[in-house]
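Chain A is the first sequence line, chain B the second, and so forth, proteins listed ahead of strands; every chain is numbered from 1. Just so you know, these numbers use all the heavy atoms, side chains as well, and skip hydrogens, waters and symmetry mates.
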Protein chains: 2
Amino acid sequence: MFAIQPSSAEPIYRQIVEQLRRLIAGGQLASGDLLPSVRDVAGFHAINPMTVSRAYGMAETEGLLERLRGKGMAVAVTTRSTATQAQRMALLEAQLQALARHARELELPGDAVLRRLGKLLDE
Amino acid sequence: MFAIQPSSAEPIYRQIVEQLRRLIAGGQLASGDLLPSVRDVAGFHAINPMTVSRAYGMAETEGLLERLRGKGMAVAVTTRSTATQAQRMALLEAQLQALARHARELELPGDAVLRRLGKLLDE
DNA sequence: CCATGTGTATTAATACAACAATACACTTGG
DNA sequence: CCAAGTGTATTGTTGTATTAATACACATGG
């Protein structure tokens with residue numbers, strides 16, 4: 001049902017869109033899968049339905065979702081289902097670069113950063 | 001002279017404040033160091049001087065900088081100059097957690113992520 | 001058929017970020 | 001002393017982003 005933090009600085013609709021991008025690229029959401037309705041998501045997180053709709057709409061424009069009139073939104077049927085690892089890696093690239101830059105500004109040793117991230121990835 | 005991207009979604013004044021936090025914690029900016037004037041920074045990046053002033057002002061409120069009347073802003077003289085590695089690491093924690101979550105949503109193998117980050121950290 | 005479920009167009013409220021143009025208080029250095 | 005350099009307070013404007021409230025069009029399924 002999406003991991004949403006309404007308090008975050010990142011806009012809710014963008015949290016949803018980006019999460020959709022990753023879940024679809026990673027295969028956890030497969031072609032044809034039906035998404036929870038805007039009202040369900042909105043009710044669950046106590047946010048406005050239009051905010052969810054906006055996210056769904058942008059994902060549709062992007063080709064991630066398709067609208068099944070009367071039924072809801074479903075993951076679009078793309079040519080290849082799951083993106084290659086390189087393609088998925090590319091979605092993380094900007095974040096990785098920012099992290100590296102910040103670590104350098106903090107003068108942190110690379111190993112320490114890698115160790116910590118390794119631990120977080122294992123959980 | 002700060003790494004600023006006026007096009008970024010992140011507000012300019014916050015880019016500056018956060019960069020100051022890291023550069024000071026890491027010791028690249030030491031107690032007493034004089035910062036470039038608001039007019040210089042603004043001129044260089046073609047942004048409004050008041051935007052820089054706002055960032056400096058927030059950094060002062062935070063205790064990072066102190067105002068030397070007539071001279072400019074300088075890195076505040078704190079008890080201990082450079083933060084411990086654990087303290088600096090804490091400034092990266094949230095970003096690391098977000099990265100780990102995204103990697104999991106992308107179903108990316110941990111080693112691949114760690115390898116790529118390692119390479120970026122070496123440059 | 002029609003109640004119930006979809007998504008969404010429209011409008012509005014609110015907040016925020018950045019810019020612009022001044023004017024001011026202060027210190028330094030010739 | 002005073003020109004030139006600091007940062008800043010103030011006021012106003014502009015553009016944009018985000019969320020909300022409401023009403024609507026449409027398809028489904030008993």
Requested in this report: Please report, rounded to the nearest Å, how far the P atom of C:dT22 is from the CG atom of B:Asn48.
Outcome: 13 Å

Query - A:Tyr13 OH - D:dA20 C1' separation (whole Å) - result: 15 Å

Requested in this report: May I ask you to evaluate whether B:Ser53 reaches the phosphate of D:dG7, defined as a side-chain N or O under 4.0 Å from OP1 or OP2?
Outcome: no

Requested in this report: Please check if any side-chain donor atom of B:Gln19 sits under 3.5 Å from a side-chain acceptor atom of B:Gln15, or the reverse.
Outcome: no

Query raised in the report: Do any side-chain nitrogens or oxygens of B:Arg54 fall under 4.0 Å of OP1 or OP2 in D:dA9?
Result: no

Query raised in the report: What is the distance from CG of A:Leu68 to P of C:dG7, rounded to the nearest Å?
Result: 10 Å

Report task. Could you tell me the separation between the CG atom of B:Leu20 and the P atom of D:dG7, rounded to a whole number of Å? Result -> 13 Å

Query raised in the report: B:Ile4 CD1 to C:dA17 P: how many Å, rounded?
Result: 15 Å

Query raised in the report: To the nearest Å, how far apart are A:Arg69 CZ and D:dG29 C1'?
Result: 18 Å

Report summary line: Separation of C:dG5 atom C1' from A:Asp40 atom CG, nearest Å, is 10 Å

**Report entry** Sub-4.5 Å side-chain heavy-atom contact between B:Pro6 and B:His45
**Finding:** no

Report summary line: Per atom distances to the B:Met73 side chain, the nearest of C:dG7, D:dG7, C:dA18 is D:dG7

Report task. Output the single nucleotide from C:dA18, D:dG7, C:dG7 whose closest atom is nearest the side chain of A:Tyr56. Result -> C:dG7

**Report entry** Residue A:Ile47, side-chain heavy atoms: nucleotide from D:dA20, C:dT8, C:dC19 that is nearest
**Finding:** D:dA20

Query - Donor-acceptor pair under 3.5 Å, A:Arg39 side chain vs C:dG7 base - result: yes

Query raised in the report: Heavy-atom distance under 4.5 Å between the side chains of A:Arg116 and B:Leu92, does that happen here?
Result: no

Query - Within-4.5 Å side-chain heavy-atom neighbours: B:Leu34 and B:Leu68 - result: yes

Query raised in the report: Looking at B:Arg22 and A:Glu107, does any basic side-chain N land under 4.0 Å from a carboxylate oxygen?
Result: no

Query raised in the report: Distance check: side-chain N/O of A:Arg67 vs OP1/OP2 of C:dT8, anything under 4.0 Å?
Result: yes

Query raised in the report: Where each residue is assigned the nucleotide of DNA chain D containing its nearest heavy atom, which of A:Pro6 and A:Lys71 is assigned the position nearer the 5′ end?
Result: A:Pro6

Report task. Ignoring backbone atoms, test whether B:Thr51 places a side-chain nitrogen or oxygen under 4.0 Å from the OP1 or OP2 oxygen of C:dC19. Result -> yes

Report summary line: Note: for A:Met50 and A:Gly72 on DNA chain C, the residue whose nearest nucleotide lies more 5' is A:Gly72

Query raised in the report: In whole Å, what is the span from the NE2 atom of A:His45 to the C1' atom of D:dA20?
Result: 18 Å

